[in-house]
Structures are given as C-alpha cells and as structure tokens.
Amino acid sequence: MSRPAQSIHGQWSSRWAFILAATGSAVGLGNIWKFPYITGENGGGAFVLVYLICLAAIGLPIMMAEIMLGRRGRQNPVNTLHSLALDENRHPNWKYLGWIGVLAGFLILSYYSVIAGQALAYVFRAFSGVFEGVTPDGARSIYNALISDPERLLAWHTIFIIITMIVVARGVQGGLEKTVKFLMPALFAILLLLVGYSANTGVYFDQAVGFLFQADFSQLSSTAVLTAMGHAFFTLSLGMGAIMVYGSYLSKKTSILKVAIAISIADTGVALLAGLAIFPLVFANDLSVGAGPGLIFETLPIAFGHMTGGTFFGGMFFLLLVFAAWSSAISLIEPTVAWLVENRNVSRRRASVMVGFAAWSLGLLTVFSFNIGSTWTLFGKTMFDLLDYLTANIMLPLGGLFIAIFAGWIMSQNTSNEEFDIRYNFVYQIWRVLIRFVAPAAIMIVFLNATGLI
Ligand code: PFF
C-alpha cells in the first residue's frame with residue numbers, strides 16, 4: 001500500500017532539526033537528575049555497565065525501529081501501528097500498543113513536571129545568590145524547605161505544565177524545532193564547565209571515576225538490573241511512541257542509523273558528564289551517594305556556592321536543566337496531542353490544553369508525595385515512586401518489547417529493508433538479529449528475573 005509522503009502536522013526542516021529535537025527529547029531530567037541518583041542508589045560501576053550494555057544492545061535497535069515505524073506510518077503511534085499492521089494483513093489490535101504509549105507519556109509527564117518545577121524554583125534561588133558559601137546542611141535545608149511546602153511545589157508544577165502546553169500548541173516547526181535549536185549546545189557547555197570544577201577536587205574526582213567505572217558485581221541486585229534497563233528506555237525516550245511520533249515528521253532521505261547513533265551518543269555523553277560533575281562533590285563533602293531524588297539539588301548548590309561566578313553559573317545550570325526538561329516534556333505529550341488532532345478533529349491548541357490539564361491534575365499526587373502525602377503508600381511506595389516505577393521499569397520496557405516484536409516479526413523483511421539505506425545492508429542484518437532475538441529475549445529475562453520467576 002502506498003504511504004502518505006508527509007504527516008499532516010508537517011515535517012522537520014532538516015536532518016539536523018530532527019536530531020536536535022530527538023536529542024532534546026532524550027536529554028532531560030533522566031540524564032542529569034535521575035541517572036546520578038539511581039547510580040548512587042544501585043552501587044555505581046556495575047550498574048553503569050549494565051545500563052550502557054542495555055543502551056547499545058536494546059536501546060539503539062529499538063530507537064531505529066521506532067523511527068522507522070513512525071516515518072513509514074506518518075501518523076500518531078496509535079494510527080501508525082494500526083495501519084502498518086493492516087498493511088501486513090495483521091490484526092488491527094496492534095493499535096493498543098500505541099495506547100500503552102499514550103498512557104505512559106501522560107503518566108510520566110505528571111511527575112516529570114513536578115521535578116522540572118523544582119529545577120525551575122532553583123533557577124531563581126541560584127540567581128538570587130542564596131547558594132553563596134552554602135554548607136552541605138544549608139543546601140539540604142534549602143531543598144527541604146521547597147519540597148515540604150505543597151503550595152510552592154504546586155505553583156512551579158503549574159508553571160512548567162503551562163510552558164509545555166504553549167510549545168506543543170505551536171506545532172512542529174514553529175514550536176518544537178525552534179525551542180530545541182539553541183538549548184542543547186548551551187547545556188553541554190555548562191556541564192563541561194561543572195566537570196572542570198569537579199575535576200579540581202583531585203582525589204575525590206578519582207574516587208568518582210572509580211565509583212562510576214569500576215564494576216563490582218557483588219553490588220548488583222536483579223532489581224538493579226531492571227532499573228538499569230528501564231532507565232535505558234527512559235533516557236532515550238523509548239517504548240512509548242515519542243520517538244515514533246518524531247520519526248513521523250522525518251524526511252524519507254535521512255539515514256535512520258546515523259541519526260539514531262548521534263542521538264544515543266549525545267544522550268549517554270550528557271549522563272556520564274552529569275555523573276562526573278556530581279559524584280566528586282558528593283565525596284568531597286561527605287554526602288551520601290544514595291540520597292535519592294534530592295541528590296542534585298543538595299550537591300550542586302555546594303559547588304556553585306564556592307566557585308567564582310557561581311551565582312551566574314548556578315542560575316544558568318538550572319535554567320538549562322529546565323530547558324532540557326522542557327524539550328523532553330513536549331515529546332511526552334506530542335503522541336497524545338497528535339492523536340487528538342488526527343482522530344478527534346480537535347485543534348492542536350485545544351488538544352495541548354486538554355492533555356496538559358489532565359497531566360497537571362494527576363501531578364498533584366506527586367506534589368503531595370513530597371509533603372502531606374508522604375505516608376500515602378501502595379506496595380510500599382509513595383505515589384511518586386509508584387508512578388516512576390510503573391512507567392520507567394514496567395511500561396516502557398514492555399512497550400519496547402512489543403515494538404521490537406512488531407518491527408522484527410510483524411513487519412515483513414521487505415518493508416523494513418526498504419526504510420533502511422541499502423548501502424548499509426550489513427547493518428540492517430545486525431539490526432534484524434538484535435530486534436528479533438536479542439532485545440526481546442533480554443527484556444523478558446530481566447523482567448522474569450526481577451519478579452523472581454527465574
Ligand atoms: N528522555 C527523557 C529524560 O531522560 O529525561 C524522559 C522521557 C521523555 C521519557 C520522553 C520518555 C519520553 F517519551
């Protein structure tokens with residue numbers, strides 16, 4: 001069947017625009033806020049190694065699959081999977097895979113926005129100079145003062161959701177593309193500056209390098225392996241159709257392999273740089289590596305508070321973190337917005353407001369789980385922990401598993417081969433082995449192992 005040449009939402013203006021937008025989606029709180037703290041909680045090197053293996057063996061092939069499916073389907077993930085399944089004479093129920101993604105994006109945005117709101121609050125704290133000369137205890141109490149106040153958290157969460165809705169409402173080129181073009185290079189530069197600062201801590205920097213890169217497998221539990229795999233999906237924005245919907249705005253001429261590699265390298269680079277910036281400070285100030293979600297908010301102000309120009313750089317850092325979170329948040333709701341526009345005849349602007357409002361409401365659970373609702377638990381987890389666990393460790397890998405099965409087994413070899421650049425046929429063969437066998441088997445083994453079934 002012939003496929004539409006373009007999505008009704010338009011197209012990226014160039015290959016670079018796509019790389020930047022997809023990198024903007026991938027690089028976010030996951031790299032700078034989450035990667036360091038889950039690495040700290042899971043013992044360091046061995047966890048990082050498993051994470052890197054998952055990125056290369058599972059993440060990269062699934063990213064290529066998502067781009068390919070999106071570009072071929074040219075619609076939101078629900079319709080894309082529906083129509084590609086029909087093309088192959090398969091059951092239209094594959095569209096429900098798109099629905100899992102839509103739901104996951106909405107659940108993730110609900111808590112993502114609360115953390116991004118905390119980063120936004122820190123922009124103002126940093127620029128106003130409150131970190132100058134701050135002690136580790138002082139940094140901790142500044143953070144506690146923020147999260148223990150539901151009203152303040154709610155206000156920042158609201159602001160972040162509103163700015164997300166505004167960009168999505170403006171569409172592919174006018175909103176998404178424009179925003180990410182100048183953000184990514186600036187973020188990279190400030191991270192390098194911070195690593196430079198941390199490198200001057202001498203022995204503590206060495207200790208941090210050891211912590212991140214020396215694998216001690218006695219530290220690795222089966223749940224840590226699940227967390228590492230889940231984070232590989234989360235950080236690359238995979239398993240929920242975000243990259244798929246971005247792929248639907250991509251030109252036919254672009255090499256899928258090249259863009260997928262570029263995005264993965266940039267994403268991994270930012271995470272490792274964040275680790276190299278943060279852990280030396282943790283060790284130098286005798287803080288706990290397992291501090292959890294507050295880690296960056298409690299450590300980085302100490303560095304900014306003692307470096308020359310720290311007020312400026314601190315403010316810039318949190319500002320860029322907000323930008324990174326922003327360019328990720330827009331990709332979290334783009335699949336749902338695209339679905340509403342295509343299937344329900346709703347205007348883009350209206351669709352953005354509807355989805356944003358729904359995520360905002362659910363976000364209240366996360367706001368309260370830092371304060372008045374910290375004792376509301378289910379399966380021993382706060383609402384925030386539960387949402388995080390459910391989406392990152394279960395929904396995204398499960399979505400990824402079915403995307404791999406779809407691309408490797410449901411879609412015919414002829415069709416997928418057509419989407420890849422023929423000059424790279426051997427790469428195509430490797431991809432096919434990874435997507436048909438390696439990725440599905442690895443995801444299933446990690447799942448069964450973490451649930452104690454094997
Ligand atoms: N990749 C983003 C991050 O690392 O912060 C989070 C994310 C964005 C996950 C978009 C999933 C997604 F679809």
Side-chain angles (χ1 to χ4, degrees), residues 20-39 51 54-55 59-60 62-63 66-67 70 76-77 97-119 160 164 167-168 176 179-180 183-184 187 191 227-248 260 263-264 266-275 293 296 320-339 355 359 387-400 403:
L20 281 174
T23 306
S25 165
V27 174
L29 295 175
N31 307 61
I32 296 166
W33 161 75
K34 193 170 181 191
F35 171 73
Y37 96 76
I38 56 174
T39 299
Y51 160 72
C54 289
L55 282 179
L60 186 59
I62 291 185
M63 174 172 290
E66 280 206 29
I67 301 173
N76 70 76
L97 175 53
W99 277 115
I100 300 181
V102 163
L103 180 66
F106 160 74
L107 295 178
I108 295 175
L109 181 63
S110 79
Y111 69 82
Y112 202 83
S113 160
V114 178
I115 307 294
Q118 296 177 7
F160 187 80
T164 302
V167 175
V168 179
L176 309 190
T179 323
V180 294
L183 299 183
M184 291 300 126
L187 181 74
L191 260 182
T227 308
M229 183 179 77
H231 189 62
F233 281 96
F234 186 86
T235 193
L236 291 178
S237 305
L238 297 177
M240 55 147 282
I243 294 294
M244 201 186 292
V245 85
Y246 276 17
S248 75
I263 299 162
S264 308
D267 185 76
T268 311
V270 172
L272 295 178
L273 284 177
I296 65 161
L320 290 167
L321 182 58
V322 170
F323 282 144
W326 194 7
S327 58
S328 300
I330 57 188
S331 72
L332 282 165
I333 53 171
E334 178 64 20
T336 321
V337 169
W339 181 85
V355 183
L387 282 166
D388 176 30
Y389 188 87
L390 178 70
T391 50
N393 290 7
I394 298 178
M395 293 178 84
L396 297 185
L398 213 58
I403 289 170

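We use all heavy atoms of the structure for the numbers below, so side chains are in, but hydrogens, waters and symmetry mates are not. Start at 1 and go down the list; that is how both ligands and their atoms are numbered.
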Return the set of residues passing salt bridge (charged side-chain N to carboxylate O under 4.0 Å, His left out) with Asp267 (not counting sequence neighbours), or none when no residue passes.
-> none

Can you spot which of Ser237, Pro335, Ser25 makes a side chain to side chain contact (heavy atoms under 4.5 Å, CB included) with Tyr246?
-> Ser25

Ala274 and Pro36 have their tightest heavy-atom pair at CB-CG, 4.3 Å

Side-chain touch Leu236/Ser264, heavy atoms, less than 4.5 angstrom | yes

For the residue pair Phe35 and Thr235, establish whether any side-chain heavy-atom pair is separated by less than 4.5 Å.
-> no

Can you list every pair where an N/O of ligand 1 is under 3.5 Å from an N/O on the protein?
| unit_1 | atom_1 | unit_2 | atom_2 | d |
| --- | --- | --- | --- | --- |
| ligand 1 | 1 (N) | Ser25 | O | 3.1 |
| ligand 1 | 1 (N) | Ala26 | O | 3.0 |
| ligand 1 | 1 (N) | Phe234 | O | 2.8 |
| ligand 1 | 1 (N) | Thr235 | O | 3.2 |
| ligand 1 | 1 (N) | Ser237 | OG | 3.0 |
| ligand 1 | 4 (O) | Ala26 | O | 3.0 |
| ligand 1 | 4 (O) | Gly30 | N | 3.4 |
| ligand 1 | 4 (O) | Asn31 | OD1 | 3.4 |
| ligand 1 | 5 (O) | Leu29 | N | 3.1 |
| ligand 1 | 5 (O) | Gly30 | N | 2.7 |
| ligand 1 | 5 (O) | Tyr112 | OH | 2.5 |

Flag for Thr39-Tyr51: side-chain donor and acceptor within less than 3.5 Å = no

